[in-house]
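This structure is a prediction, so every number in the text was calculated from the model and none was measured.
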Amino acid sequence: MDQNIYKLVYKVSHAGGFGNCFYLKAHNLFVTNYHVVNGFHTVTIRDNDRNPYLAKVVLVNSSLNIALLSAEGDFSSLPELNLAADDSLAIGGKVSVVGYPYGMPFTVTEGSVSSPKQLMNGKYYIQTDAAVNPGNSGGPIFNENNEVVGVTVSKFSNADNMGFGVWVEALRKLLESVDAIDRDAFQVQCDSCDELISEEEEFYPSCGEKIPEGVFAEREQSELSTFCEHAISEMGVNPIIARDGYDSWTFHKGNSEIRIFVYDNTYLFAVSPINLLPKKEVERVLDYILGEDFVPYKLGIEGRQIYIAYRIHLSDLTEESEDEICKNLVNLALKVDEMDNMLVEQFGCEFSEYSKKED
């Protein structure tokens with residue numbers, strides 16, 4: 001596989017989970033599954049270096065299970081990606097499934113076409129024995145010529161060697177409407193007449209087809225999510241671009257990465273892997289860590305990784321305590337931004353591998 005291919009595949013994140021998307025330079029749009037972005041009109045996409053970009057969902061077709069995203073950013077340096085010809089797949093043909101399964105780093109799995117035209121629930125799909133895992137949805141399926149033959153959509157639960165994808169023909173049909181897209185609006189396409197509408201109605205005006213129920217609805221945030229995103233905003237970070245799954249946020253403040261998440265439905269954690277211990281003269285930095293009072297935060301070491309953390313029990317988050325907890329979260333971000341540089345300059349520590357690289 002062409003090693004540049006990975007540059008075109010991005011992780012999609014929002015408050016409900018994550019999936020994948022891939023870039024079509026000819027249209028300056030990203031492609032994903034409708035079910036990956038269902039309930040969200042704005043999402044975050046991240047490249048293989050974890051750089052985040054805000055993206056608007058500009059067109060969905062729930063019947064085809066495809067959505068198109070328009071992202072903020074300059075993607076002109078990315079290579080071209082070609083779509084395979086219709087009906088180009090044959091049984092036994094070699095394919096690759098590409099994406100970020102389970103939210104892990106970029107992964108490629110290879111296999112063969114089990115059926116180029118498998119009928120399920122009244123629709124035809126590509127069936128492959130290439131490994132497909134949760135989180136692969138929305139990523140591309142490539143043939144041996146590095147052409148897109150489909151969009152990964154699912155696997156059967158408790159079934160090995162059975163992954164499925166939406167035909168490239170369905171994607172090509174959706175792309176025929178690209179010129180009519182308003183890239184500042186959320187639009188729904190009728191699978192019968194191809195009409196695009198941007199306001200919620202019961203039926204498509206042109207053909208009278210019933211519009212799928214709830215397709216315009218946006219998912220409501222929980223009280224905890226609203227609280228956390230208020231704190232992230234107070235840090236000077238756009239909380240939408242920080243979303244990294246359900247009750248989970250990942251972003252950078254200065255060089256260091258900050259992760260806010262709920263653990264075991266019990267604790268709210270804010271953690272930052274700030275630095276690595278120096279390879280020599282470790283005693284000086286250890287004496288500093290043991291001798292300083294970091295309350296309400298804790299400093300810890302795992303291997304060479306130094307991290308700072310803040311933890312509360314969810315039951316402690318009340319109307320009376322939320323201002324103080326919000327302040328502690330914000331101050332954690334400020335402390336992280338100071339400490340990572342200080343530990344490098346005074347103790348010879350290295351920046352963490354999760355740190356944002358200087359341009």
Side-chain angles (χ1 to χ4, degrees), residues 1-14 17-37 40 43-61 64-85 88-89 95-111 125-126 128 130-154 163-175 178 181 183:
M1 171 170 284
D2 185 345
Q3 295 302 304
N4 285 323
I5 288 293
Y6 79 91
K7 296 180 180 179
L8 297 163
V9 183
Y10 285 55
K11 179 182 173 182
V12 178
S13 302
H14 49 64
F18 51 82
N20 302 272
C21 65
F22 57 95
Y23 184 61
L24 294 182
K25 189 171 185 176
H27 305 288
N28 191 25
L29 291 167
F30 288 81
V31 178
T32 188
N33 289 140
Y34 164 68
H35 80 260
V36 167
V37 296
F40 298 91
V43 297
T44 301
I45 64 172
R46 289 182 172 85
D47 62 21
N48 197 43
D49 294 321
R50 303 193 302 278
N51 296 309
Y53 303 89
L54 205 63
K56 294 181 179 178
V57 182
V58 295
L59 180 60
V60 302
N61 185 312
L64 298 178
N65 197 5
I66 298 178
L68 301 179
L69 315 177
S70 178
E72 297 178 0
D74 181 4
F75 304 99
S76 59
S77 64
L78 295 179
E80 294 276 0
L81 191 59
N82 296 319
L83 303 182
S88 62
L89 283 178
V95 292
S96 300
V97 173
V98 179
Y100 297 85
Y102 299 104
M104 294 170 57
F106 181 83
T107 302
V108 179
T109 59
E110 297 182 343
Y125 294 89
I126 302 164
T128 174
V132 173
N133 294 293
N136 270 130
S137 292
I141 302 174
F142 290 107
N143 63 16
E144 292 180 288
N145 298 320
N146 295 323
E147 298 171 323
V148 177
V149 294
V151 183
T152 307
V153 62
S154 69
F164 297 90
V166 178
W167 284 0
V168 70
E169 291 93 319
L171 172 57
R172 188 173 280 111
K173 175 185 176 182
L174 197 69
L175 292 172
V178 162
I181 293 177
R183 300 193 179 212

| request: Apply side chain to side chain contact (heavy atoms under 4.5 Å, CB included) to the pair L171 and L83, showing each step before the final yes or no. | output: CA-CA 9 Å; L171 172 57; L83 303 182; 4.0 Å; yes
Using residues 25-34 as the side-chain source, report each donor-acceptor pair under 3.5 Å to any protein atom, sequence neighbours left out, with the distance given to one decimal.
unit_1, atom_1, unit_2, atom_2, d
K25, NZ, S76, O, 2.8
K25, NZ, L78, O, 2.8
N28, OD1, Y23, OH, 2.7
T32, OG1, N20, O, 2.6
N33, OD1, G138, N, 2.8
N33, ND2, N65, O, 3.2
Y34, OH, N38, OD1, 3.0

| Looking at H14 and F40, what are the two nearest heavy atoms and their distance? | ND1-CE1, 3.3 Å
| message | Can you give me the closest heavy-atom contact between R172 and A84, atom names plus distance? | response | NH2-O, 2.8 Å
| request: Begin with the C-alpha distance, continue with both residues' side-chain angles, and end with the deciding distance and a verdict on side chain to side chain contact (heavy atoms under 4.5 Å, CB included) for Y125 and W167. | output: CA-CA 6 Å; Y125 294 89; W167 284 0; 5.6 Å; no
| field | Sidechain-backbone polar pair: S137 side chain, V153 backbone, donor-acceptor under 3.5 Å | value | yes
| said: Going by ring-ring contact (aromatic ring centres under 6.0 Å, His included), name the residues that satisfy it together with F22, two or more places apart in sequence or in a different chain. | reply: none
| field | Atom of L174, atom of I66 and distance for their closest heavy-atom approach | value | CD2-CG2, 3.3 Å
| request: Dump the intermediate steps for side chain to side chain contact (heavy atoms under 4.5 Å, CB included) on L175 and L68, then the final yes or no. | output: CA-CA 9 Å; L175 292 172; L68 301 179; 4.2 Å; yes
| Over all atoms of both residues, closest heavy-atom pair of T109 and A131 | OG1-O, 2.8 Å
| With R183, which residues qualify under salt bridge (charged side-chain N to carboxylate O under 4.0 Å, His left out), at least two apart? | none
| request: Would you name the heavy atoms of A55 and I45 that are closest together and state the gap between them? | output: CB-CG2, 4.1 Å
| query | Roughly how far apart are S88 OG and E169 CD, rounded to 0.5 Å? | reply | 7.0 Å
| Are V108 and V97 side-chain neighbours, meaning at least one heavy-atom pair lies under 4.5 Å? | no
| request: Nearest 0.5 Å please: distance from the CG atom of L81 over to the NZ atom of K7. | output: 13.5 Å
| said: Run the side-chain contact (heavy atoms from CB on, under 4.5 Å) test against N82 and tell me which residues pass, sequence neighbours left out. | reply: E147
| said: Taking the side chain as everything from C-beta on, heavy atoms only, tell me whether P79 gets closer than 4.5 Å to L8. | reply: yes
| said: One pair to check against ring pair (Phe, Tyr, Trp, His ring centres under 6.0 Å): Y53 and F75. What are the steps and the verdict? | reply: CA-CA 11 Å; Y53 303 89; F75 304 99; 5.1 Å; yes
| request: Measure from NZ or CZ of K11 to the centre of the six-membered ring of F18, then state whether that distance is under 6.0 Å and the direction lies within 45° of the axis. | output: yes
| request: Under the side-chain hydrogen bond (donor to acceptor under 3.5 Å, both in side chains) rule, collect the residues that match up with T44, sequence neighbours excluded. | output: none
| task | Determine the minimum heavy-atom distance between G99 and V9, stating which atoms define it. | result | CA-CG1, 4.1 Å
| Between N136 (side chain) and G139 (backbone), is there a donor-acceptor pair under 3.5 Å? | no
| field | V36, V58, V43 screened by side-chain contact (heavy atoms from CB on, under 4.5 Å) with L69, the one that passes | value | V43
| Whether T107 side chain and P105 backbone form a donor-acceptor pair below 3.5 Å | yes
